[in-house]
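Worksheet: the structure to be examined is printed underneath.
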Number of protein chains: 2
Amino acid sequence: MAGHAHNAPQLTKNQALVLGTLESAGAPLSAYTILDHLRGEGLRAPLQVYRALDKLVAIGMVHRLESLNAFVACRHPGCGHHETVAFMICEACSNVGEITDASLEDRLKLAAEDAGFAPKRSIIELRGTCRDCQS
Amino acid sequence: MAGHAHNAPQLTKNQALVLGTLESAGAPLSAYTILDHLRGEGLRAPLQVYRALDKLVAIGMVHRLESLNAFVACRHPGCGHHETVAFMICEACSNVGEITDASLEDRLKLAAEDAGFAPKRSIIELRGTCRDCQS
DNA sequence: TGCCAGACGTTATACCGTTACGCAACGAAC
DNA sequence: GTTCGTTGCGTAACGGTATAACGTCTGGCA
C-alpha cells in the first residue's frame, strides 16, 4: 500500500476505505465492485460508496472513467492541481495510464473556442492496448 | 427532415425508426427515451432499440456520448469516414457540436505513443456552454 | 430442398446511480 | 450552553442503463 502523500483533507473512514480499495486494485473498479470488497468492513449500500467517491473525485484523488462507468485511483504522486487529464485504457489488461499534455489541452480549448463553445470540463479517454500487452 | 444522403447500407425498419427519432430530436436521447418515442410504432423492448443503435453507431450515422449514456445523430452531412470526433456538449441547452481537428488527433496519438500505448478509439467530450447559451 | 446468416421479438435479469428519509457529530454565533 | 448550519452517515426504495438467453422468421444460395 504505497499511500498517497497528498495535501489531503483528512479522509473519513468510508472515504479511506474506498480509496484503499481502489489503490490496492490498481485498476478501475465499478462502484458496486468496491461495495462488494467492503461488505466485510460494514458497508451495505451503494450510496455509501457513491458518497465517498464523489468526495474523492472532487479532491482529485480518484478519477471517474466515463466510458467504463468505473473509478480509478489517481496515478500522479503530486495530485492536487488538476487540469485536463487524458486516460489510456488498455482493453487487454485494464490498466489505466494518465497523460497531461498542456499543448493538447490548448489545442482542444482553441478548437472549442473557434466554435464559440466555452468548455468547463474535458473528458478524454483512449481505448487501446498498453505497451506490455502489445505482443 | 433534412435526411442524410449517406452511403447507407439499406437500413432496416427498426434502424430507420431509431435514426428518424434521433434526427428529429436534434439532441441526445437515451435508449429508453427513444423506446418511449417508438412505442406507437410497435417497439416494446430495450433490446430492439439497442440493436438498432449498435448498427447505426457501427456505420457512423449515430454517435454514442459516453458521458451522457445517450446517443445523437451524426451532424456531418458527409458521414462515412470517421476519424476521431470531439463533442461539445452544452449543459444549458443540450445541443451537441462536433469537432474534427486533424492536428488535435495527431497530438493525442503522439502523446499516447510516447507512452507506448496503441489507441484504437478516442473518446473526447467537452462539457460546457455553447455560443447561444452564453449570456 | 436444405442450410445458413441476419434481423427480429420476448422475457428475465444484471448492473449503475439517485431520491427521500432520518440520525449523529461538529464548529460558529450569540 | 443552546441554537443552528453543515457535513457525514445509514437504510430503503426506486429508476435508468444494458445484456443474456431463448426462439422465430426471412431471404439467399448451393
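Keep in mind it's a predicted model, so treat the numbers as computed, not measured. Every heavy atom of this structure was used, including side-chain atoms; hydrogens, water molecules and symmetry mates were not. Letters go in sequence order (proteins before strands), and every chain restarts at 1.
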Nucleotide N/O to protein N/O under 3.5 Å, stretch nucleotides 9-12 of chain C:
unit_1, atom_1, unit_2, atom_2, d
C:dG9, OP2, B:Asn14, ND2, 2.9
C:dG9, OP2, B:Gln48, NE2, 2.7
C:dG9, O5', B:Gln48, NE2, 3.4
C:dG9, N7, B:Arg51, NH2, 2.4
C:dG9, O6, B:Arg51, NH1, 3.4
C:dG9, O6, B:Arg51, NH2, 3.4

Specify the separation, in whole Å, of atom [atom1] of [X] and atom [atom2] of [N].
X	N	atom1	atom2	answer
B:Gln15	C:dG6	CD	C1'	11 Å
B:Asp54	D:dT19	CG	C1'	10 Å
A:Leu53	C:dC16	CG	P	12 Å
A:Tyr50	C:dT19	OH	P	12 Å
A:Asn69	D:dG16	CG	P	16 Å
A:Gln10	D:dT7	CD	P	17 Å
B:Glu66	D:dG16	CD	P	20 Å
B:Leu11	C:dC8	CG	P	10 Å

No-hydrogen, no-angle side-chain donor-acceptor test under 3.5 Å, A:Gln134 and A:Thr129: no

Close residues, residues 27-38 of chain B, relative to DNA chain C [heavy-atom separation under 4.0 Å]: none

Any residue meeting side-chain contact (heavy atoms from CB on, under 4.5 Å) with A:Arg44, in chain and number order, not counting sequence neighbours: A:Gln48

Candidate pair A:Glu23 and A:Arg75, rule salt bridge (Lys or Arg N to Asp or Glu O under 4.0 Å), full reasoning: CA-CA 9 Å; A:Glu23 283 177 338; A:Arg75 285 283 205 278; over 6 Å; no

Centroid-centroid under 6.0 Å between B:Phe71 and B:His63 rings: no

Can any side-chain N or O of [X] pair as donor or acceptor with the backbone N or O of [Y] at less than 3.5 Å?
X	Y	value
B:Gln15	B:Ala52	no
B:Arg64	B:Asp54	no
A:Thr33	A:Leu29	no

Closest non-hydrogen atom pair between B:Asp114 and A:Arg131, with its separation: O-NH2, 4.1 Å

Presence of B:Thr12 side-chain N/O under 4.0 Å of C:dG6 phosphate oxygens OP1/OP2: no

B:Arg121 vs B:Glu66, salt bridge (Lys or Arg N to Asp or Glu O under 4.0 Å): CA-CA, chis, key distance, verdict: CA-CA 12 Å; B:Arg121 185 163 83 95; B:Glu66 301 284 349; 3.2 Å; yes

